[in-house]
Amino acid sequence: MPDSRGTEPQTSTGAEETAGRGYPFREITRRAQARWREERLFELRDPMKADRRFYCLNMFPYPSGDLHVGHGRNYILGDAVARVKKMQGYTVLAPMGWDAFGLPAENAAIANQVPPADWTRRNIERMKKQLDAWGAMFDWTREIASCDPEYYRWTQWIFLQLYKRGLAYRAKGAVNWCPSCRTVLANEQVIEGRCERCDTPVETRELEQWYFKITAYADALLDDLRLLEHWPEKVRVMQTNWIGRSEGATIRFPLDGEGAPLEVFTTRPDTLLGATFMVVAAEHPLITSLIERGRLPREAAAFVERLKRSRVENRFGVETEKEGHPTGLTATHPLTGAKVPVWVANYVLMGYGTGAIMAVPAHDQRDFEFASKYRLPIVEVVRSDSGTRFDGTAAVEADGRLVNSSPFDGLPSEEGKRAIVAALGKKGAGEGRVNFRLRDWLISRQRYWGAPIPMVICPTCGMQPVPESELPVLLPDQVEFKPTGESPLLTNEEFLRATCPNCHGPARRETDTMDTFVDSSWYFLRFLSPRLETKAFDSDAVNRWLPVNQYIGGVEHAILHLLYSRFIVKVFRDMGLIAFAEPFERLFTQGMITKSGHKMSKSKGNVVPPDALIERYGADTVRVYTLFIGPPEKDAEWNDRGVEGAYRFLIRYWKMVEDFIALQPVKAPGSGPTPAWAVSGPSRDLRRRVHHLVQQIGDDVDRFHFNTAVSGLMQLVNAVQEYQAAQEDMRAPEVAEAIDLATRLLAPLAPHTAEGAWERLGHERAVAEAPWPKFDPKALEADVVRLVVQVDGKVRSNIEVPSGSSQEAVRKAALADPKVERFAQGKRIAQVVVVPGRLVNVVTAKPAP
RNA sequence: GCCGGAGUGGUGAAAUUGGCAGACGCGCCGGACUCAAAAUCCGGUGGGGCUUAAACCCCGUGGGGGUUCGAUUCCCCCCUCCGGCACCA
């Protein structure tokens, strides 16, 4: 159950203890945030003006009430990316909004009699404060909430556009019903037979519902995955599996005594001659028709009833034991004319293909098990080239050459498929076909807190769309929230009463609302013109800024939201509203943060709230630790000790800056003429180390390796500290440069601390606007290089040679090394491998056997 | 069953193109400071052998094999874990 109570920091005494140590993070944080707000650094004023654009988007959250540190990872990553891009000279759009419709608000209303709108608004305010506390600089001038009439008006408009194009339709069929949420669900919202939201086992019901025809885009959704080269492979694979394209054929078997033939789908038309019986699903129309006419044998009819009942309870229950009964019908093989029996069985599903199969027991394990149990004939029709052949103990699902399939004997499987499909085509008994696993998107919900579907039902004209000029169809406030499971909209007579747009007679309003995934399937377009009153979005601005350059969110949306958004964008493209085919250029799916080995959840009581941590250590500590915890795409376990480590690092950084300032009059380092860099000695070495790290950190950030970027910054601070500990000159320009570089590199990760330091260092403009550091290739050069020396691939020694030494010189130096002499003693040297700048490997000849 | 991904110290992890395995943290051990503790600072920290010590040697990235001068990295087989799909015809 959602919980609107805020999590206030409990310990203020502990905070007082640790706030000291010369690192006044509270003051620093307050000042920095005030400054960014005042200077409006992260607001996009005119979308049409920017040249170098970067659209960085976090998946907008459902306002459930409280964020935990796991959510924080998402926003910290996005904020870090946005800040880096800004420093790299891009105009950055980083907006935020609220996926604000949904069931928890309505459940809270039923439980506490609080209107969902109020509950949602309160949570939004609370979560906004939390996001601000992290220092995430979203452009709040573009904030949107999907529950605002000015937003859902356009969600309804989208519905009407799809309706007009035949892409939204109402149909009756078997649907998923969650008895706890009291609503239907899309296939995508059913996980292992359970409701994605509440984990209740889903039931099957026959209901008339609204669908979006996503299957019309099945091919495009699959093909365009190839364009998404910057998406995680995992997500593309998941979508590929979900769409589930398979090539095969439909084949029609005439039925004795029936008008219509029995149509099946198969991926293996080459095995047609091995089809010895047919099987249909219990829900197949043929079965329904036979029952209605009283022609299904009593045993089979009883079986069908039993099966249907069990599937209503749980359609996804594991039915391991295959069971079936003859229907009494006989089909005619379309090529041989042989008579084959038609069975009804539990292992064939109505939801895939045609709900009927031709059974080829020799080459399909399921058919084989069934045929074995009921002693049905088995004919081998494919023999693999490797000699594996059907031996009567198990099905052989291999490619090979056709046998027992006159006149196709000897053909390889692939050719056999073509030949048999061609033969069927000639007789009008079948044709090649592509089948998809993807079903149409069921979008209607029997709930209140969602965008009303803009349709009215007229007793004379039937289903009629609400004219666009009458949008939005407003959700009424005056409804009753009762735990009856009925939609609260049914309790408002005024809402229900409508006028037919066609005949202007009295009509009844549709009371279903839309799946909240419809709301979220287009919100990224709205951010470019969040207050536009005449259109859903501004096509020019959208074409200029999209696809989203970097999208960041949880992998749990790999199928649902990401597939739906891709679909809606393709529809808009076909409507001529936008000029691109895919909404998200780059996708990053961050890993979950666990605590005590589990996903954080209120029911498990293992939620780590950010508030007390931020109070105690500061936002930057939480940010740095979150980034340092591990590779951001992998799950990670939260460790309070690790937070201390991040805090210590920031204290050391701050002390380094303060020590530096204390030593000399404050002037902005990096400004003025280029200093004369030391050509040798400790300052030179410091500079080399620092620039190596600048290079490494830059690469890390580009590759989303924020964990190693943090480690690189730690090393940078360590380098200065070691330099200082060695009593070297802290007034050297190399130190000033190191501190300047460290501060700018730190700015996206620990922005408040970096901003505070930058100010202390005498800069006028914010570090958030400072240029992203580049390393100086000259600084990386060295007079001597240290090479690893191996003997037979094992590290034995190190040598130092002047940079740019010839291979021959390196070879000589290596061979002269005492350790090499020792290990190569008494052996003939067969080869010396010199890898410039890296190593030397002295290879000795193997002793003669 | 099919399809992905992963397996490295006590622990989170690092190693960009095949080139010093364990960077950077956490923890732990020892020391300094302190009446004491906390905090901080310094040193050590993969396993084993040998040694008074230093030096030195061997082993080591889930297991087995291979390619290569050289493999955490590439190839083959196997094991384990995680994720997705699943009587999908």
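Letters go in sequence order (proteins before strands), and every chain restarts at 1. FYI, side chains are in, hydrogens and waters are out, and symmetry mates aren't considered; it's all heavy atoms of this structure.
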TODO: Both distances under 3.5 Å, Watson-Crick or G-U wobble: report the partner of B:rA71, or none.
DONE: none
Open item on the list: Roughly how many Å apart are B:rA71 and B:rU80, using the P atom of each and rounding to a whole number?
Closed with: 28 Å
Open item on the list: Ring centres under 6.0 Å, that's the criterion: do A:Y617 and A:F25 meet it?
Closed with: no
Task: A:S596 and A:N606: side chain donor to acceptor below 3.5 Å - done: no
Open item on the list: I need a per-nucleotide contact map over nucleotides 6-22 of chain B, read 5' to 3'. Cutoff is protein heavy atoms under 4.0 Å; write B for the base, S for backbone only, - otherwise.
Closed with: ------BSSSB--BBS-
TODO: Check the chi torsion on B:rG9 and let me know: syn if it falls within 90° of 0, anti if not.
DONE: syn
Task: Lys/Arg cation over aromatic A:Y347: A:K322, 6.0 Å, 45° cone - done: yes
Open item on the list: When you measure from the centre of the six-membered ring of A:W242, is the NZ or CZ of A:R437 closer than 6.0 Å and no more than 45° off the axis?
Closed with: yes
Task: Length of the line joining A:R616:CZ and B:rA39:C1', which is rounded to integer Å - done: 12 Å
Open item on the list: Distance check, P atoms only: B:rG48 and B:rA54, in whole angstrom units.
Closed with: 16 Å
TODO: Please check the phosphate of B:rA86 (OP1 and OP2 only) for any side-chain N or O of A:R437 closer than 4.0 Å.
DONE: yes
Open item on the list: Regarding A:R439, tell me which of base, sugar-phosphate or nothing describes its non-hydrogen contacts under 4.0 Å with the strands shown.
Closed with: nothing
Task: Euclidean distance, atom CE of residue A:M238 to atom C1' of B:rA86 [Å, nearest integer] - done: 14 Å
Open item on the list: Taking B:rC79 as the reference, what is the distance to B:rU11 when you measure between their P atoms (whole Å, please)?
Closed with: 25 Å
Open item on the list: Tell me whether the side-chain N/O atoms of A:R648 come closer than 4.0 Å to OP1 or OP2 in B:rC41.
Closed with: no
- [ ] Mind checking A:R641 for me? I need base, sugar-phosphate or nothing, with any heavy atom below 4.0 Å counting as a touch.
- [x] sugar-phosphate
Open item on the list: Can you tell me the base-pairing partner of B:rG60? Count Watson-Crick or G-U wobble geometry only, both distances below 3.5 Å, and say none if there is no partner.
Closed with: none
Task: 5' priority, RNA chain B, between A:A646 and A:R268 [closest heavy atom] - done: A:A646
Open item on the list: Under 4.0 Å, counting only non-hydrogen atoms across every strand here, what does A:D367 touch: a base, just sugar-phosphate, or nothing?
Closed with: nothing
Open item on the list: Students often get this wrong, so: under 4.0 angstrom with heavy atoms, is A:F436 touching a base, only sugar-phosphate, or nothing?
Closed with: nothing
TODO: Find the partner of B:rG83: check Watson-Crick (N1-N3 plus N6-O4 or O6-N4) and G-U wobble (N1-O2, O6-N3) distances, both under 3.5 Å, and reply none if neither fits.
DONE: B:rC3
Open item on the list: Within the 4.0 Å heavy-atom criterion, would you say A:G244 contacts the bases, only the backbone, or no part of the nucleic acid?
Closed with: nothing
- [ ] Using both distances under 3.5 Å as the test, list the Watson-Crick or G-U wobble partner of B:rG10, or none.
- [x] B:rC26
TODO: Determine the Euclidean distance between corresponding P atoms of B:rG62 and B:rA14; express it in Å to zero decimal places.
DONE: 14 Å
Task: Side-chain N,O (A:R811) to OP1/OP2 (B:rC69) below 4.0 Å - done: no
TODO: Indicate whether the side chain of A:Q715 and that of A:R689 have a donor and an acceptor atom separated by less than 3.5 Å.
DONE: no
Open item on the list: If we count only N and O atoms by modelled type, under 3.5 Å, do the side chains of A:T621 and A:Y23 hold a donor and an acceptor together?
Closed with: no
Open item on the list: Let me spell it out: for each of A:G353 and A:E233, pick the nucleotide of RNA chain B with the closest heavy atom. Which residue's pick is nearer the 5' end?
Closed with: A:E233
Open item on the list: Give me the distance, rounded to whole Å, that separates B:rC77 from B:rG4 when you measure between the P atoms they each carry.
Closed with: 13 Å
TODO: Determine the contact category for A:K819: base if any of its heavy atoms lies under 4.0 Å from a base atom, sugar-phosphate if only primed atoms, P, OP1 or OP2 are that close, otherwise nothing.
DONE: sugar-phosphate
Task: Watson-Crick or G-U counterpart of B:rU17, or none if no pair lies under 3.5 Å - done: none
Open item on the list: Rounding to an integer number of angstrom, what distance separates B:rG9 and B:rC28 when you compare their C1' atoms?
Closed with: 13 Å
Open item on the list: Distance check needed: B:rU68 P versus A:Q831 CD, whole Å only.
Closed with: 12 Å
Task: Identified pairing partner of B:rU40, criterion: Watson-Crick or G-U wobble below 3.5 Å - done: B:rA32
Open item on the list: Roughly how many Å apart are B:rC24 and B:rG5, using the P atom of each and rounding to a whole number?
Closed with: 31 Å
Open item on the list: Looking only at side-chain N and O atoms, does A:T250 offer a donor or acceptor that is under 3.5 Å from a partner on A:E263?
Closed with: no
Task: A:R652, nearest nucleotide to its side chain (from B:rA89, B:rC24, B:rC41) - done: B:rC41
Open item on the list: Quick one: does any side-chain atom of A:K417 pair with a main-chain N or O of A:R268 as donor and acceptor, under 3.5 Å?
Closed with: no
TODO: Find the distance A:Q365:CD to B:rC2:P and express it as a whole number of Å.
DONE: 12 Å
- [ ] Starting from C1' on B:rA23, measure out to CZ on A:R689 and report it in whole angstrom.
- [x] 12 Å
TODO: Could you tell me whether the side chains of A:D700 and A:T708 share a donor-acceptor contact shorter than 3.5 Å?
DONE: yes
TODO: Rounded to the nearest angstrom, tell me the gap between atom CG in A:N718 and atom P in B:rC24.
DONE: 7 Å
Open item on the list: What is the separation between atom CG on A:L787 and atom P on B:rC69, rounded to the nearest whole Å?
Closed with: 21 Å
Task: Out of B:rC41, B:rG4, B:rC3, whichever nucleotide has its closest atom nearest the side chain of A:N241 - done: B:rC3
Open item on the list: With a 4.0 Å cutoff (strictly under), does any side-chain N or O of A:K655 reach OP1 or OP2 of B:rC41?
Closed with: no
Task: Rounded C1' spacing from B:rC74 to B:rU61 in Å - done: 16 Å
TODO: Would you mind reading off the distance between A:L650 atom CG and B:rA39 atom P, rounded to a whole angstrom?
DONE: 18 Å
Open item on the list: The criterion is salt bridge (Lys or Arg N to Asp or Glu O under 4.0 Å); which residues satisfy it with A:E233, sequence neighbours excluded?
Closed with: A:R236
